[in-house]
J.: 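Shown below is the structure under consideration.
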Amino acid sequence: MTRSALAPLFLVPFALLALRGSGAEDTPSPPVSGFAGSQACLTCHEGQGHTLVHPHPDREDPRCESCHGPGQAHVDSGGDPNLMQSFAELPPGQANARCQACHTWQEQRFWPASAHSRAGVTCVSCHAVHRAEGANPHLLRQPDELSTCFGCHGVMRTRTWKSSHMPVREGKLSCGDCHNPHGSPSEKMLRDPSPQENCYRCHAEKRGPTLFEHPPVRENCMNCHDPHGSMHENLLVTRPPRLCQNCHINTRHPSEPRSVTGPGSRFAFDKACVNCHTSVHGSNHPAGVRQQR
Amino acid sequence: MRRAWLPMLALLAVPALADDADPTGTAELGVQAVDGREESSKFQEYREVPSGLFLRRLTFGVTEPDWRLTVDVEHPGLEDQRIVADWARPGKVHVRVGYDQTPHWISNTARTLHRQEGGSLSLPDPMQQELQAIPAATVGPRLEEYLDGALPVDLRFRRDTTFGLVDWSPSPGLITHASFSHEQREGTRPVSLATYFGVGADTTEVAAPVDSTTWNASLGLEFGRERWNVGGTVLYSEYTNNVAAAFGGAAYENALVIDNPLRLTDASPGNVDPLAPNNPAGAHFLLSQPPDNRSLWVQVEGTAKLTSWMRLVAQAGVGENRQDELFLPFTLNTAAPTVTADPVPRPVQVLQGDLVTGTPADRYDGKVDLTSYHVRLEADPVERLDLRAFARSYEYDNKTPLYTVTDYVRADTDLEGIARAALPFAWKKDNLGVEGDYRFASALRGELGYERETWHREFRNTDRSHEDILSAALSWTPAPWVHTRLAYRRGDRKFDHYDEETFFGEEGFPEGEPVTGAVLEEQRLFDLAARTRDRFDLVARFQPGERLSVGLNAVVVADRYDETELGRTADDTRGFAVDVAYAWGERVTLYADYGRDTFTFDLDSRYRPVTANVAVDDPLNDWFSHVDDATDTVGVGLDLVLVPDRWTLDVEGRWVDSTTQYENRFVPGGSPTGDAPPWPDLDNGLTSVEGNLHYRLSSRWDVALGFLRELYDQEDWARDVMKPWMGDVDSGASESAFLGWRVPDYSVSLARLLATYRF
C-alpha cells in the first residue's frame, strides 16, 4: 500500500479555485398575504439567518416563513412570541409536517408510522437547521450520528463499547448503515427486508444457499450473534460450547458439560466446537454434513 | 490508494465555481509518538494509529447558493484511510463517490508451520513422513518440537471498498437513483478442522487466505405528486471467492487444501501402511470455503393519501439468491473407500433427488426465491385518535432440489456408512397487526396494539408456530423539555406441533443413523420452542434549558420457555443507561454517562452416551448451566475554554468492564462425564483517557497537544491458554497443531502535536 497521493490532494483545492463561473441569481419574491418576507425576519433575527445551514437557493433570502409559517402578525405586533409557533412547542405531528412538506421521499417516506414518529420524536429532536459551526452532512444536532442515537438509546452505547464489536466507535460504521431512523417497513427499522439480508450487505459470503445448511443460521443471524456488541469473539451472544449446546445436546460429545482444563478441554478452548465444525454457516462440501468440511 | 483517484477525478470534473466562490477547508498535520501499540492486535483492531509524522485529515468544501461540494479525506495513506467526495445541487442532483479501507486485525501472536500459496497450505514432507512412522507414543512430543519452530503469521484482513451514488431529479416529482459498491477483501483468518474421532479427532489450525470480491449495484426511480408517490428499485449483489487451491494438477475453487501434519501418504483405518501406521487419515484435508453467490432483488413501494385523514403505505419485493458452484470431491484421500455398501454397493456420490430416483450431480443448483411485502393503512379519523393496520410478510422459499449423498467421507478418513440428505430448508414469516394511539391530553398519549406473527417452516421440528403480541405504551411530555416514553410488549409463542422425532441433525436425517433413542425427546430448540417474552422499554430525556441535558434508557427482555424440559429454559436481557451533559457558563461543559448491559440464560441438559447403539437416558446425568454476562461502562468528559478564542482543553475518559460468570451444577450420581465442573469467569476491561490542549494561533492556525493512555486486559481461559502445541493442557490434543493465537493485554501511551490549518 503506497502513500503517494498526498501531494495531489493539496493541489485539488487550488485547481478548483482557478475555475470561475457564474451562478444564477434569485430575485426575492414580493411578500404574499400573511407573510412578512425574510427581510422582515432578519431585522430582529439577523443571527438566525447567518446560522442557517439548511440549503436555500438565495444566499440573501433564507425564506424563514417556509418553515416557521406566516410572520406578518408577529411583525405587526412588534414581535409577540405567541404569534409565532416554536418548533420546540409544537405537537410532534405539526412540527414534523413542516419538514415533511418537502421531505417525504426516499429516506423519509415511511416516517409517519415509524417507531420514532409514534414515540413523539420530531425532526428537530435530531436535526438542527440553524447552526453555523459543526454542521455535518445530515444537519444533526449532535456532532455525529452515534451521539444522536445514543441520546435516547444509551443502552446501545454500552454495547458498542464491548470488546467484540463492529467498527462503529472507530467511525467506520454507524447506526444508519443498518437502520433507517426515519422508518422502514421492516422490523426494527432495518433497511433491508429481513435481518439476514441486512447482514449480507457486508457479509455476502454467508448468503448461500449451501448444500448442507445450518437452519438457525439461515433464519436469523441473531440466533447466535449480537450485532451491537458482545464480550465474546465474533459477536457471539455467548461462547461455544454453551452457545451450541442450546440446541446440540442429543448424544455423545455435544451433550458433555466439559471441563476447561485437562482432558477434553479442547472442546472448550480456542474456538471450541468450531475447532472441528468449522463450516457452521453452512457447507457446500459433499462431505460437509456435520459442517466439518 | 489508487482507488482514491476515483473521487479525485470527480472533483476535477465539477463545473466552474461561481464568481464569489469561497472555499473552506482544513488540513490537520501532526507528529505522534506511540508506545505499546504493537503489543496487541486489539489496540489497532480496526484502525492504524501511526507513529511519526502523519496527515490526520483534509477537508475541502465550497457552498454556493445552488450547489455545494465537500471532500473529506481521513487518515490518508494509512490502513484505515477514507475519502468521500460529495457534490449536490439541492433538490436536483447529488453525487457521492468514495473509497474506504477498513482493517480487521485479529491477532498478532499466531504461529504456523504451514506455508500458504493461494488456497494450498503445505508442510515440509520430512516432518510428515517422520510423524506417520515413528512409534505412536512419540508422535505428540515430536510434534511439539516441530511446533516450537513455528513461524509468526499475522491474522488480519482488510476490506477495500469503492462506492458511489447518484440521485438525480430531472423534473419536479421525479427522482432517479443509482449506486454501486465494490469491496475487495484480502488477508488471513484462523480456520481449523479435524480428523474423525476414530483416528484421534486431531485438530489442525491454519492461517487461511481471505480473498474475495463483492459487487453491489442498484437502480431506482421515484415519482410522485403531493398526495402520492411510487418508486421502484433493482438491487444486484455478487460475491466471488477468489481463493482456489492447486493440488495434483487440478484447481479447486472456493476450497483449501491443507496438509495433514501427521501424514505424508494417504491412509484410512481399512487401508493402513504397516510402515506408516500412525493416524490413518488423508495426507491432505479438503475444506470448502464460502461459495460464489449472487442475489437479485426488485422492489416497488409507494405511499398515497387516500383522504385527508387516511394514508396507505405499501412495499413489495421479489428476489432470488443463487449459488451454482461445482461440487468438490468428497476427499483427496486416495486410501478412502469410494464405494459404499449401504444398502447396496454403489459409488459415493452426490445425487440430485433421493436415494432411489436421484441422478448423479456434479454441480449445486441452489436457488432461493425471496418474497416480501408490507402494507400499512394509517388513519386519524378524529382529532386525538390515530389508527394503524399492517400486514408484513417475508418468505425464504428454497427452490433448491433435494440432494442426497450416497455416503460420505468423514473428515478425510473413511466412510461413515450412511447416506445423508441435504435438505432445502425454507421458511416464511407473516405479521398482522393493528395499533391505535390516543392523545388524552396535549402532554399524554397512550398506545395499544396487537400483532400476530406466524412462522411456517420446512424440514424443522415445527412446521407452524405463531406468536400473539400485545403492546402498550405511554408517552408523557408535560413540558417541551421533558420527553418520556414507557413501552411494554408481551409475546406468547406456541407451535402447532413439535415433532421430536424429526431431528434434522447428524442423528436424524431421513436416512437416519442406527442408534436407538438418538433423539432427546424432552429437548426443545429455543428458536422454535413455546416461549413467553416480556419486554419493557423506557426512554426519557430532560432538557430544562440550554445548559442541562439528562437522558435515561432502560430495556428489560425476559424470555421464558416454560414448556421446555431440556434446552434453554430462560434468558434475560437487561440494560440501563444514563447520561448527563451540563454547560456551566460559556466556558465549561461537563458530560458523563453510565451504562450497564446484562445477558443471562439457563441451560438444562443431560449427558447421553451411546452404548451398543443405544442412547443412554439417565436423569442422573442431568446438568445445568447458568451463564451471566455483564458489562458496565462509564464515560466522563470535560470541555474547557481556558482563554476565549485562544486556549481550550478537552479531556475524555472511558472505563469498560465485562464479565461472564458460569454457574454449572449437576445431579449427583450417574456418569462422571455428566458432572459439570466449575468454569472460571471470563473478564475483559478497557480504560482510556484522552486529552487535547488547543491553542488558536490565528484565524487560520490551531495547534494542539494531545495525549492518550489506553489499557486493555482480559482473562479468557479459552483464548489466553492458546499456543501451537496444547498437549500439556489436554493430552487429547497432543497430536493437534494450533496457531496459538491470542489477544494480549495492552498498555498504550500516545503523545501528539497536531497543527490545523483552516482556509
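On a predicted model such as this, the values are computed, not experimentally measured, just so you know. Chain naming here is simple, since letters A, B, ... match the order of the sequence lines and numbering starts at 1 in each.
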J.: Decide whether A/R242 and B/S625 meet the rule of one side-chain donor and one side-chain acceptor closer than 3.5 Å.
T.: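 B/S625 and A/R242 do have a side-chain donor-acceptor pair below 3.5 Å.
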J.: Any side-chain heavy-atom pair from B/W427 and A/N220 closer than 4.5 angstrom?
T.: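 Side-chain contact under 4.5 Å: no.
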J.: Please state whether the side chain, the backbone, both or neither of B/Y403 comes within less than 4.5 Å of a heavy atom of chain A.
T.: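 Contact with chain A: side chain only.
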J.: Under a 4.5 Å heavy-atom cut-off, does chain A meet the side chain of B/S212, its backbone, both or neither?
T.: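 Contact with chain A involves no heavy atom of B/S212 at all.
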J.: Just so I understand: if I count every heavy-atom pair under 4.5 Å between each of A/R169, A/R159, A/H153 and chain B, which residue has the most?
T.: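 Highest number of pairs under 4.5 Å: A/R159.
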J.: Find the one option among B/D80, B/D675, B/L552, B/V578 whose heavy-atom pairs under 4.5 Å with chain A are most numerous.
T.: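 Greatest number of close heavy-atom pairs with chain A: B/D80.
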J.: For A/E233, is it the side chain, the backbone, both or neither that has a heavy atom under 4.5 Å from a heavy atom of chain B?
T.: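 Side chain of A/E233 only, per the 4.5 Å heavy-atom cut-off to chain B.
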J.: Kindly give the heavy-atom pair with the smallest separation between B/D527 and A/E219, and that separation in Å.
T.: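 Smallest heavy-atom distance, with atoms named: OD2-OE1, 4.1 Å.
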J.: Is it true that the side chains of A/R109 and B/N229 contain a donor and an acceptor less than 3.5 Å apart?
T.: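 Looking only at side-chain atoms, B/N229 and A/R109 do form a donor-acceptor pair, the distance falling under 3.5 Å.
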J.: Among B/D597, B/L328, B/N321, which residue forms the greatest number of heavy-atom pairs with chain A at distances under 4.5 Å?
T.: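 Highest number of pairs under 4.5 Å: B/D597.
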J.: Do you know which of A/E256, A/M166, A/H281 has the most heavy-atom pairs under 4.5 Å to chain B?
T.: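 Option with the greatest count: A/E256.
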J.: With chain B, which of A/S163, A/A272, A/C276 has the greatest number of heavy-atom pairs at distances under 4.5 Å?
T.: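 Most pairs with chain B among the choices: A/S163.
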J.: For A/G208 and B/N293, which heavy atoms make the closest approach, and how far apart are they?
T.: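 Result for this residue pair: O-CB, 3.5 Å.
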J.: Who pairs with A/P112 by side chain to side chain contact (heavy atoms under 4.5 Å, CB included), at least two apart in sequence or on another chain?
T.: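 For A/P112, the residues satisfying side chain to side chain contact (heavy atoms under 4.5 Å, CB included) (neighbours in sequence not counted) are A/Q100, B/R311, B/E378.
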J.: Any idea which of A/S259, A/P209, A/A287, A/A204 has the most non-hydrogen atom pairs under 4.5 angstrom with chain B?
T.: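 Sorted descending by pairs with chain B, the first entry is A/P209.
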J.: Any salt bridge linking A/D270 with B/R719? Criterion: basic side-chain nitrogen under 4.0 Å from a carboxylate oxygen.
T.: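 Salt bridge present between A/D270 and B/R719.
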J.: Taking all atoms of both residues into account, what is the closest heavy-atom pair of A/S255 and B/R608, and its distance?
T.: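 Shortest heavy-atom contact: OG-N, 3.1 Å.
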J.: Between B/Y46 and A/H165, does a ring-ring contact (aromatic ring centres under 6.0 Å, His included) hold up when you go through it step by step?
T.: CA-CA 10 Å; B/Y46 291 116; A/H165 60 280; 5.4 Å; yes
J.: Tell me, for B/S736 versus chain A, whether the close heavy atoms (under 4.5 Å) come from the side chain, the backbone, both or neither.
T.: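 The answer is neither part of B/S736.
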J.: Going by atom types only, do A/N284 and B/Q323 share a side-chain donor-acceptor pair under 3.5 Å?
T.: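 Their side chains do contain a donor-acceptor pair, which is all the 3.5 Å distance test asks for.
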J.: Does any backbone or side-chain atom of A/E170 lie under 4.5 Å from a heavy atom of chain B? Answer side chain, backbone, both or neither.
T.: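 For A/E170, the side chain is the part near chain B, not the backbone.
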J.: Looking at side-chain heavy atoms only, is the closest gap between A/Y200 and B/S295 below 4.5 Å?
T.: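 No, their side chains stay 4.5 Å or more apart.
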J.: So, do B/V515 and A/R252 sit near enough that their side-chain heavy atoms are less than 4.5 Å apart?
T.: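 When only atoms from C-beta onward are counted, A/R252 and B/V515 do touch, with a gap below 4.5 Å.
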J.: Work out which heavy atom in B/R445 is nearest to a heavy atom in A/A119; give both atom names and the distance.
T.: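 The pair with the smallest heavy-atom distance is NH2-C, 3.6 Å.
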J.: Show your working on ring-ring contact (aromatic ring centres under 6.0 Å, His included) between A/F269 and B/F738 and close with a plain yes or no.
T.: CA-CA 11 Å; A/F269 62 53; B/F738 294 91; 5.6 Å; yes
J.: I'd like to check the side chain to side chain contact (heavy atoms under 4.5 Å, CB included) partners of A/R201; sequence neighbours left out, ordered by chain and number.
T.: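 Side chain to side chain contact (heavy atoms under 4.5 Å, CB included) list for A/R201, sorted by chain: A/R191, A/D192, A/N198.
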J.: Could you tell me which portion of B/F666 (side chain, backbone, both or neither) has an atom closer than 4.5 angstrom to a non-hydrogen atom of chain A?
T.: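 Answer is neither: B/F666 stays 4.5 Å or more from chain A.
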J.: Heavy atoms only, distances under 4.5 angstrom: which of B/T331, B/L682, B/T400 has the most pairs with chain A? Name it, please.
T.: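 The candidate making the most pairs under 4.5 Å is B/L682.
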J.: Checking A/Q245 against chain B: side chain, backbone, both or neither under 4.5 Å from a heavy atom?
T.: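 The answer is both parts of A/Q245.
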J.: For A/F110, is it the side chain, the backbone, both or neither that has a heavy atom under 4.5 Å from a heavy atom of chain B?
T.: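 Just its side chain gets close to chain B.
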J.: How far apart are the closest heavy atoms of A/R258 and B/W679, and which atoms are they?
T.: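 Looking at all heavy atoms of both residues, the shortest contact is O-NE1, 2.8 Å.
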J.: Before you tell me yes or no, could you show the steps for B/L287 and A/T278 under side chain to side chain contact (heavy atoms under 4.5 Å, CB included), namely the whole-Å CA-CA distance, both residues' side-chain angles and the distance that decides it to 0.1 Å?
T.: CA-CA 9 Å; B/L287 177 65; A/T278 192; 3.4 Å; yes
J.: Can you check whether B/Y408 reaches A/R290 side chain to side chain, under 4.5 Å on heavy atoms?
T.: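 They are in side-chain contact.
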J.: Under a 4.0 Å N-O cut-off, is there an ion pair linking A/R293 with B/D412?
T.: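 Looking at A/R293 and B/D412, the cut-off is met.
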J.: Looking only at heavy atoms, what is the nearest atom pair of B/S605 and A/I249, with distance?
T.: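 For B/S605 and A/I249, the tightest heavy-atom pair comes out as OG-CG2, 3.3 Å.
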J.: So which part of A/V121 gets closer than 4.5 Å to some heavy atom of chain B, the side chain, the backbone, both or neither?
T.: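 For A/V121, there is no contact with chain B at all, as no heavy atom is under 4.5 Å.
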J.: Considering only heavy atoms, which portion of B/T203 lies under 4.5 Å from any heavy atom of chain A: side chain, backbone, both, or neither?
T.: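 The answer is the side chain of B/T203.
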J.: Would you say B/P291 and A/E205 make side-chain contact, with heavy atoms under 4.5 Å?
T.: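 B/P291 does not reach A/E205 side chain to side chain.
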J.: Mind checking whether A/K172 and B/R47 have side chains closer than 4.5 Å, heavy atoms only?
T.: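 A/K172 does not reach B/R47 side chain to side chain.
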J.: Could you check which of B/H483, B/Q714, B/K367, B/E447 has the highest count of heavy-atom pairs closer than 4.5 Å to chain A?
T.: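 Looking at each option in turn, the highest pair count goes to B/E447.
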J.: Of the backbone (N, CA, C, O) and the side chain (C-beta and beyond), which part of A/H277 lies under 4.5 Å from a heavy atom of chain B, both, or neither?
T.: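 Interface part for A/H277: neither.
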J.: Please flag which part of B/T477 lies under 4.5 Å from any non-hydrogen atom of chain A: side chain, backbone, both or neither.
T.: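 Neither part.
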J.: Between A/E213, A/Q196, A/Q292, A/K271, which shows the greatest number of heavy-atom pairs under 4.5 Å with chain B?
T.: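 Heavy-atom pairs under 4.5 Å are most numerous for A/K271.
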J.: Among A/G282, A/G264, A/S279, which has the most heavy-atom pairs under 4.5 Å with chain B?
T.: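 Highest number of heavy-atom pairs under 4.5 Å: A/G264.
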J.: Give the C-alpha distance, both sets of side-chain angles, the deciding distance and a yes or no for side-chain hydrogen bond (donor to acceptor under 3.5 Å, both in side chains) between B/R541 and A/S125.
T.: CA-CA 11 Å; B/R541 285 220 67 84; A/S125 302; over 6 Å; no
